[in-house]
Amino acid sequence: MKSQLKVIKNPPELCIECGACTKHCEFLTKYDINLLDFSKRKDLAFSCFLCDECYKVCPKDISGNEIALKHREQIKRPFRYLNFLKSPYLYANNSPKKSRELVFFGCNFPGFLPKTTRKIIEILEPLGVDFSIDCCGKPLFEANANFDKTKAHLNELFAAKGVETLILACPNCYHFLKDKVDVKIKTIYEKFEELGLNHEITEEAHIFYPCPERIHKPIFETFKKYVPNFKDSFKDVNCCGLGGLAKSSEPQIAAGYPQAIKDKNLPNLYTYCATCCGNFAKNGVQNIKHFATVMSGVNEAPNTAYLKNVLSLKFYKRSRK
(Lines give C-alpha, C1' and ligand atoms only; values in the text may rest on other atoms or scores of the structure.)
Protein backbone atom coordinates (compact mmCIF):
# COMPACT_ATOMS: atom_id res chain seq x y z
CA MET A 1 0.00 0.00 0.00
CA LYS A 2 2.88 2.34 0.81
CA SER A 3 4.28 2.13 -2.71
CA GLN A 4 0.98 3.40 -4.10
CA LEU A 5 1.34 6.60 -2.06
CA LYS A 6 4.92 7.51 -2.95
CA VAL A 7 5.20 10.99 -4.44
CA ILE A 8 8.30 12.52 -2.78
CA LYS A 9 11.92 11.56 -3.34
CA ASN A 10 14.16 12.26 -0.36
CA PRO A 11 17.93 12.95 -0.27
CA PRO A 12 20.21 9.94 0.30
CA GLU A 13 21.42 11.43 3.58
CA LEU A 14 18.20 10.12 5.14
CA CYS A 15 19.29 6.53 4.44
CA ILE A 16 19.04 4.25 7.49
CA GLU A 17 21.16 1.58 5.78
CA CYS A 18 18.49 -1.10 6.16
CA GLY A 19 19.66 -2.90 3.02
CA ALA A 20 16.24 -3.15 1.35
CA CYS A 21 17.50 -1.38 -1.78
CA THR A 22 20.48 -3.70 -2.14
CA LYS A 23 18.32 -6.81 -1.76
CA HIS A 24 16.11 -5.67 -4.64
CA CYS A 25 18.77 -4.44 -7.09
CA GLU A 26 21.32 -6.52 -8.99
CA PHE A 27 23.49 -3.44 -9.60
CA LEU A 28 23.68 -2.46 -5.91
CA THR A 29 24.23 -6.11 -4.98
CA LYS A 30 27.10 -6.46 -7.45
CA TYR A 31 29.00 -3.56 -5.86
CA ASP A 32 27.81 -4.36 -2.30
CA ILE A 33 26.50 -0.83 -1.75
CA ASN A 34 23.28 0.85 -0.65
CA LEU A 35 21.76 4.11 -1.90
CA LEU A 36 23.82 6.21 0.52
CA ASP A 37 26.98 4.56 -0.79
CA PHE A 38 25.78 5.03 -4.37
CA SER A 39 25.36 8.77 -3.78
CA LYS A 40 29.15 8.88 -3.26
CA ARG A 41 30.03 6.80 -6.34
CA LYS A 42 29.92 9.01 -9.44
CA ASP A 43 31.93 6.36 -11.24
CA LEU A 44 28.81 4.15 -11.20
CA ALA A 45 26.49 6.76 -12.70
CA PHE A 46 25.87 4.69 -15.82
CA SER A 47 25.62 1.34 -14.04
CA CYS A 48 22.11 2.12 -12.77
CA PHE A 49 19.19 0.97 -14.95
CA LEU A 50 16.95 3.77 -13.58
CA CYS A 51 14.14 1.30 -12.86
CA ASP A 52 13.62 2.80 -9.36
CA GLU A 53 12.81 -0.55 -7.77
CA CYS A 54 15.00 0.71 -4.91
CA TYR A 55 12.69 3.69 -4.44
CA LYS A 56 9.70 1.40 -4.44
CA VAL A 57 11.04 -0.59 -1.47
CA CYS A 58 12.92 2.17 0.37
CA PRO A 59 11.28 3.05 3.73
CA LYS A 60 12.79 6.54 3.46
CA ASP A 61 11.67 7.16 -0.15
CA ILE A 62 15.15 7.59 -1.62
CA SER A 63 15.51 7.14 -5.37
CA GLY A 64 18.48 5.53 -7.08
CA ASN A 65 17.17 6.93 -10.36
CA GLU A 66 17.51 10.45 -9.00
CA ILE A 67 20.97 9.76 -7.58
CA ALA A 68 22.17 8.40 -10.93
CA LEU A 69 20.80 11.35 -12.90
CA LYS A 70 22.48 13.81 -10.52
CA HIS A 71 25.77 11.97 -10.98
CA ARG A 72 25.30 12.13 -14.74
CA GLU A 73 24.89 15.89 -14.63
CA GLN A 74 28.51 16.06 -13.47
CA ILE A 75 29.92 13.48 -15.85
CA LYS A 76 30.37 14.23 -19.52
CA ARG A 77 30.25 11.26 -21.85
CA PRO A 78 30.27 11.88 -25.59
CA PHE A 79 27.52 9.41 -26.61
CA ARG A 80 28.34 10.30 -30.22
CA TYR A 81 26.13 7.64 -31.79
CA LEU A 82 23.20 8.52 -29.52
CA ASN A 83 23.47 12.19 -30.47
CA PHE A 84 23.80 11.31 -34.14
CA LEU A 85 20.74 9.06 -34.00
CA LYS A 86 18.47 11.10 -31.74
CA SER A 87 19.34 14.78 -32.11
CA PRO A 88 17.48 15.17 -34.40
CA TYR A 89 15.97 11.68 -34.67
CA LEU A 90 17.31 10.11 -37.83
CA TYR A 91 14.16 8.13 -38.67
CA ALA A 92 11.58 10.80 -37.84
CA ASN A 93 8.39 11.12 -39.87
CA ASN A 94 6.55 14.39 -39.28
CA SER A 95 4.41 16.66 -41.42
CA PRO A 96 3.08 20.24 -41.35
CA LYS A 97 -0.45 18.85 -41.55
CA LYS A 98 -2.77 20.46 -39.00
CA SER A 99 -4.05 18.05 -36.38
CA ARG A 100 -5.74 18.87 -33.07
CA GLU A 101 -4.92 15.36 -31.89
CA LEU A 102 -1.63 13.73 -32.79
CA VAL A 103 -0.66 10.12 -32.20
CA PHE A 104 2.98 10.12 -31.10
CA PHE A 105 4.69 6.75 -31.58
CA GLY A 106 8.17 7.58 -30.30
CA CYS A 107 11.13 5.54 -31.58
CA ASN A 108 10.80 1.90 -30.56
CA PHE A 109 7.09 1.30 -31.09
CA PRO A 110 7.46 1.61 -34.91
CA GLY A 111 10.77 -0.26 -34.73
CA PHE A 112 9.36 -3.37 -33.08
CA LEU A 113 5.65 -3.18 -33.96
CA PRO A 114 5.51 -1.88 -37.57
CA LYS A 115 2.22 -3.56 -38.54
CA THR A 116 0.49 -2.22 -35.44
CA THR A 117 1.88 1.24 -36.16
CA ARG A 118 0.40 1.19 -39.65
CA LYS A 119 -2.91 -0.14 -38.37
CA ILE A 120 -3.24 2.63 -35.79
CA ILE A 121 -2.46 5.21 -38.48
CA GLU A 122 -5.13 3.65 -40.73
CA ILE A 123 -7.67 3.79 -37.91
CA LEU A 124 -6.98 7.37 -36.86
CA GLU A 125 -6.14 9.08 -40.15
CA PRO A 126 -9.76 9.13 -41.46
CA LEU A 127 -10.71 10.83 -38.18
CA GLY A 128 -8.33 13.70 -38.87
CA VAL A 129 -5.64 12.48 -36.47
CA ASP A 130 -2.11 12.81 -37.87
CA PHE A 131 0.89 10.85 -36.57
CA SER A 132 4.43 11.61 -35.49
CA ILE A 133 7.35 9.21 -35.41
CA ASP A 134 10.03 10.97 -33.41
CA CYS A 135 12.19 10.71 -30.31
CA CYS A 136 10.70 12.06 -27.07
CA GLY A 137 14.20 12.91 -25.83
CA LYS A 138 14.30 10.56 -22.85
CA PRO A 139 17.55 8.81 -23.88
CA LEU A 140 19.21 12.20 -24.40
CA PHE A 141 17.98 13.41 -21.03
CA GLU A 142 19.31 10.29 -19.32
CA ALA A 143 22.66 10.76 -21.05
CA ASN A 144 22.75 14.45 -20.08
CA ALA A 145 23.03 15.34 -23.77
CA ASN A 146 21.13 17.86 -25.94
CA PHE A 147 17.66 17.28 -24.53
CA ASP A 148 16.76 20.99 -24.61
CA LYS A 149 17.12 20.95 -28.39
CA THR A 150 14.65 18.06 -28.67
CA LYS A 151 12.22 19.67 -26.24
CA ALA A 152 12.21 22.89 -28.29
CA HIS A 153 11.78 20.91 -31.52
CA LEU A 154 8.77 19.01 -30.20
CA ASN A 155 7.01 22.06 -28.77
CA GLU A 156 7.59 23.97 -32.01
CA LEU A 157 6.27 21.02 -34.04
CA PHE A 158 3.14 20.68 -31.93
CA ALA A 159 2.49 24.43 -32.00
CA ALA A 160 2.88 24.64 -35.79
CA LYS A 161 0.47 21.73 -36.27
CA GLY A 162 -2.08 23.16 -33.85
CA VAL A 163 -1.87 20.10 -31.60
CA GLU A 164 -3.97 20.23 -28.45
CA THR A 165 -3.66 16.60 -27.34
CA LEU A 166 -0.94 13.98 -27.82
CA ILE A 167 -1.98 10.33 -27.99
CA LEU A 168 0.92 8.30 -26.61
CA ALA A 169 1.67 4.72 -27.60
CA CYS A 170 4.86 4.40 -25.51
CA PRO A 171 4.94 4.42 -21.68
CA ASN A 172 8.39 6.00 -21.66
CA CYS A 173 7.18 8.85 -23.86
CA TYR A 174 4.04 9.22 -21.74
CA HIS A 175 5.81 9.52 -18.40
CA PHE A 176 8.69 11.57 -19.76
CA LEU A 177 6.72 14.11 -21.80
CA LYS A 178 3.79 14.71 -19.47
CA ASP A 179 5.46 17.67 -17.77
CA LYS A 180 7.71 18.78 -20.65
CA VAL A 181 5.37 19.64 -23.53
CA ASP A 182 2.76 22.35 -23.89
CA VAL A 183 -0.13 20.04 -24.80
CA LYS A 184 -2.44 17.61 -23.06
CA ILE A 185 -1.65 13.92 -23.20
CA LYS A 186 -3.67 10.71 -23.26
CA THR A 187 -2.84 7.05 -23.83
CA ILE A 188 -3.57 5.13 -26.99
CA TYR A 189 -5.89 2.98 -24.86
CA GLU A 190 -7.98 6.01 -23.91
CA LYS A 191 -8.35 6.76 -27.62
CA PHE A 192 -9.27 3.14 -28.30
CA GLU A 193 -11.88 3.45 -25.55
CA GLU A 194 -13.40 6.49 -27.28
CA LEU A 195 -13.60 4.49 -30.50
CA GLY A 196 -14.93 1.32 -28.89
CA LEU A 197 -11.86 -0.69 -29.85
CA ASN A 198 -10.79 -1.95 -26.44
CA HIS A 199 -12.02 -5.46 -25.83
CA GLU A 200 -11.77 -7.90 -22.96
CA ILE A 201 -8.76 -10.18 -22.76
CA THR A 202 -10.11 -13.20 -20.91
CA GLU A 203 -7.01 -15.39 -20.86
CA GLU A 204 -4.59 -15.31 -17.95
CA ALA A 205 -2.26 -12.40 -18.71
CA HIS A 206 1.15 -12.36 -17.03
CA ILE A 207 2.07 -8.66 -17.11
CA PHE A 208 5.59 -7.25 -17.22
CA TYR A 209 5.20 -3.62 -16.16
CA PRO A 210 7.50 -1.07 -17.86
CA CYS A 211 9.97 0.69 -15.55
CA PRO A 212 8.07 4.02 -15.32
CA GLU A 213 4.90 2.14 -14.31
CA ARG A 214 6.42 0.14 -11.45
CA ILE A 215 4.99 2.25 -8.61
CA HIS A 216 2.01 4.16 -9.94
CA LYS A 217 0.36 2.64 -13.01
CA PRO A 218 -1.69 5.39 -14.71
CA ILE A 219 -1.45 3.83 -18.17
CA PHE A 220 -2.48 0.37 -17.00
CA GLU A 221 -5.40 1.91 -15.11
CA THR A 222 -6.81 3.18 -18.44
CA PHE A 223 -7.44 -0.37 -19.67
CA LYS A 224 -7.19 -2.53 -16.55
CA LYS A 225 -10.91 -3.36 -16.59
CA TYR A 226 -10.40 -5.21 -19.88
CA VAL A 227 -7.83 -7.58 -18.34
CA PRO A 228 -9.74 -9.30 -15.52
CA ASN A 229 -7.31 -12.22 -15.24
CA PHE A 230 -4.03 -10.31 -15.08
CA LYS A 231 -1.18 -11.60 -12.95
CA ASP A 232 1.75 -9.59 -11.57
CA SER A 233 4.18 -12.42 -12.23
CA PHE A 234 7.49 -10.60 -12.62
CA LYS A 235 7.95 -8.70 -9.36
CA ASP A 236 11.51 -9.99 -9.03
CA VAL A 237 12.62 -8.77 -12.48
CA ASN A 238 13.43 -5.06 -12.35
CA CYS A 239 13.94 -4.20 -16.02
CA CYS A 240 13.88 -5.63 -19.53
CA GLY A 241 17.63 -4.95 -19.70
CA LEU A 242 17.62 -1.76 -21.78
CA GLY A 243 16.82 0.78 -19.08
CA GLY A 244 18.89 3.79 -18.18
CA LEU A 245 21.61 3.40 -20.83
CA ALA A 246 23.26 0.93 -18.44
CA LYS A 247 23.61 -2.02 -20.79
CA SER A 248 27.12 -1.10 -21.97
CA SER A 249 28.37 -0.63 -18.39
CA GLU A 250 26.62 -3.71 -16.99
CA PRO A 251 26.19 -6.23 -19.83
CA GLN A 252 25.86 -9.25 -17.53
CA ILE A 253 23.11 -7.67 -15.47
CA ALA A 254 21.37 -6.48 -18.65
CA ALA A 255 21.43 -9.99 -20.11
CA GLY A 256 20.19 -11.48 -16.85
CA TYR A 257 16.84 -9.69 -16.93
CA PRO A 258 15.44 -11.27 -20.14
CA GLN A 259 16.98 -14.58 -19.10
CA ALA A 260 15.02 -14.42 -15.84
CA ILE A 261 11.82 -13.85 -17.85
CA LYS A 262 12.73 -16.73 -20.15
CA ASP A 263 13.41 -19.05 -17.21
CA LYS A 264 9.93 -18.48 -15.81
CA ASN A 265 8.52 -19.90 -19.06
CA LEU A 266 5.07 -18.43 -18.46
CA PRO A 267 2.45 -18.35 -21.23
CA ASN A 268 0.88 -15.12 -22.42
CA LEU A 269 3.53 -12.59 -21.40
CA TYR A 270 1.83 -9.23 -21.80
CA THR A 271 3.39 -5.79 -21.65
CA TYR A 272 2.64 -2.34 -22.99
CA CYS A 273 6.21 -1.27 -23.75
CA ALA A 274 7.56 -1.93 -27.24
CA THR A 275 11.14 -1.66 -25.99
CA CYS A 276 10.53 -4.49 -23.52
CA CYS A 277 8.81 -6.51 -26.27
CA GLY A 278 11.69 -6.08 -28.66
CA ASN A 279 14.44 -6.83 -26.19
CA PHE A 280 12.70 -9.93 -24.88
CA ALA A 281 12.16 -11.19 -28.44
CA LYS A 282 15.83 -10.59 -29.29
CA ASN A 283 16.77 -12.70 -26.28
CA GLY A 284 14.56 -15.64 -27.13
CA VAL A 285 11.57 -14.99 -24.87
CA GLN A 286 8.40 -16.51 -26.32
CA ASN A 287 4.68 -15.71 -26.16
CA ILE A 288 5.11 -11.92 -25.96
CA LYS A 289 1.99 -9.84 -26.50
CA HIS A 290 1.76 -6.05 -26.54
CA PHE A 291 -1.61 -4.75 -25.37
CA ALA A 292 -1.84 -2.20 -28.21
CA THR A 293 -1.42 -4.81 -30.92
CA VAL A 294 -4.04 -7.04 -29.29
CA MET A 295 -6.48 -4.16 -28.79
CA SER A 296 -6.05 -3.01 -32.40
CA GLY A 297 -6.72 -6.52 -33.70
CA VAL A 298 -3.30 -6.94 -35.33
CA ASN A 299 -1.89 -9.47 -32.86
CA GLU A 300 1.64 -8.82 -34.05
CA ALA A 301 4.60 -10.58 -32.50
CA PRO A 302 7.59 -8.29 -31.85
CA ASN A 303 9.51 -7.81 -35.08
CA THR A 304 13.26 -7.65 -34.48
CA ALA A 305 14.18 -6.33 -37.96
CA TYR A 306 14.46 -2.92 -36.33
CA LEU A 307 16.40 -0.99 -38.96
CA LYS A 308 14.21 -2.23 -41.80
CA ASN A 309 11.09 -1.27 -39.85
CA VAL A 310 12.12 2.25 -38.90
CA LEU A 311 13.36 2.96 -42.43
CA SER A 312 10.08 1.85 -43.99
CA LEU A 313 8.04 3.97 -41.58
CA LYS A 314 10.28 6.98 -42.04
CA PHE A 315 9.00 7.09 -45.61
CA TYR A 316 5.41 6.05 -44.85
CA LYS A 317 3.18 8.43 -46.82
CA ARG A 318 0.10 10.09 -45.41
CA SER A 319 -3.20 10.22 -47.20
CA ARG A 320 -3.69 13.40 -49.24
CA LYS A 321 -7.26 13.77 -47.99
Side-chain angles (χ1 to χ4, degrees), residues 3 6-79 81-83 86 108 136-147 171-173 175-176 208-216 234-261 273 275-276 279-280 283:
S3 67
K6 285 178 178 279
V7 292
I8 297 172
K9 295 185 176 182
N10 288 320
E13 289 75 22
L14 294 183
C15 175
I16 59 174
E17 303 196 62
C18 66
C21 57
T22 308
K23 291 175 185 176
H24 289 82
C25 175
E26 289 81 358
F27 148 58
L28 295 177
T29 297
K30 175 182 176 179
Y31 293 97
D32 192 23
I33 58 176
N34 57 34
L35 290 176
L36 180 61
D37 300 325
F38 181 33
S39 70
K40 302 170 185 177
R41 294 288 304 270
K42 294 179 184 177
D43 59 308
L44 298 178
F46 289 93
S47 291
C48 174
F49 287 78
L50 305 184
C51 70
D52 243 359
E53 186 68 19
C54 55
Y55 173 60
K56 182 178 177 181
V57 301
C58 177
K60 289 296 184 178
D61 296 343
I62 301 166
S63 164
N65 182 310
E66 191 168 86
I67 292 169
L69 291 176
K70 285 183 178 178
H71 283 336
R72 293 177 188 192
E73 288 176 0
Q74 302 174 54
I75 296 175
K76 295 293 182 182
R77 284 195 176 184
F79 285 102
Y81 178 72
L82 181 67
N83 277 288
K86 304 281 190 179
N108 286 341
C136 70
K138 184 174 185 283
L140 295 167
F141 179 82
E142 292 176 349
N144 191 34
N146 286 336
F147 168 65
N172 291 299
C173 293
H175 284 275
F176 184 69
F208 183 84
Y209 294 104
C211 288
E213 290 262 308
R214 288 301 177 85
I215 298 175
H216 307 290
F234 305 104
K235 293 180 180 179
D236 57 340
V237 185
N238 293 359
C239 178
C240 75
L242 291 182
L245 303 175
K247 182 179 179 181
S248 60
S249 297
E250 303 294 343
Q252 289 185 322
I253 295 175
Y257 289 132
Q259 185 60 47
I261 296 288
C273 175
T275 304
C276 295
N279 197 46
F280 289 153
N283 285 277

Check side-chain contact (heavy atoms from CB on, under 4.5 Å) between Asn108 and all other residues, then give those that pass, not counting sequence neighbours. Phe112, Thr275, Tyr306
In chain order, what residues pass the side chain to side chain donor-acceptor pair (under 3.5 Å) check against Glu53, with sequence neighbours excluded? none
The criterion is side chain to side chain donor-acceptor pair (under 3.5 Å); which residues satisfy it with Glu213, sequence neighbours excluded? His175, Tyr272
Checking Arg72 side chain against Glu142 main chain: does a donor-acceptor pair fall under 3.5 Å? yes
Does any pair with a residue in residues 34-51 pass salt bridge (Lys or Arg N to Asp or Glu O under 4.0 Å), and if so which ones, sequence neighbours excluded? Arg41-Asp43
According to side-chain contact (heavy atoms from CB on, under 4.5 Å), who are the partners of Phe141, at least two apart in sequence or on a separate chain? Leu69, Phe147, Phe176
Are the side chain of Asn83 and the backbone N or O of Pro78 linked by a donor-acceptor pair below 3.5 Å? yes
With sequence neighbours excluded, tell me which residues meet side-chain contact (heavy atoms from CB on, under 4.5 Å) with Asn283. Pro258, Asn279
Donor-acceptor contacts under 3.5 Å from residues 17-25 side chains, at least two apart:
from, atom 1, to, atom 2, distance (Å)
Glu17, OE1, Asn34, ND2, 3.2
Thr22, OG1, Ile33, O, 2.7
His24, ND1, Ala20, O, 2.9

Exam field: side chain Arg214 to backbone Cys51, donor-acceptor pair closer than 3.5 Å: no
Set of residues satisfying salt bridge (Lys or Arg N to Asp or Glu O under 4.0 Å) with respect to Lys86, sequence neighbours excluded: none
Are side-chain heavy atoms of Leu82 and Pro139 found at a separation under 4.5 Å? yes
Who passes side chain to side chain donor-acceptor pair (under 3.5 Å) against Tyr55, sequence neighbours left out? none
Donor-acceptor pair, Ser39 side chain versus Leu36 backbone, under 3.5 Å? yes
How would you list all residue pairs meeting salt bridge (Lys or Arg N to Asp or Glu O under 4.0 Å) that involve residues 236-253, not counting sequence neighbours? Lys30-Glu250, Asp236-Lys264
Sequence neighbours excluded, which residues qualify as side-chain contact (heavy atoms from CB on, under 4.5 Å) partners of Pro11? Glu13, Leu14
Partner set under side chain to side chain donor-acceptor pair (under 3.5 Å) for Asn10, not counting sequence neighbours: none
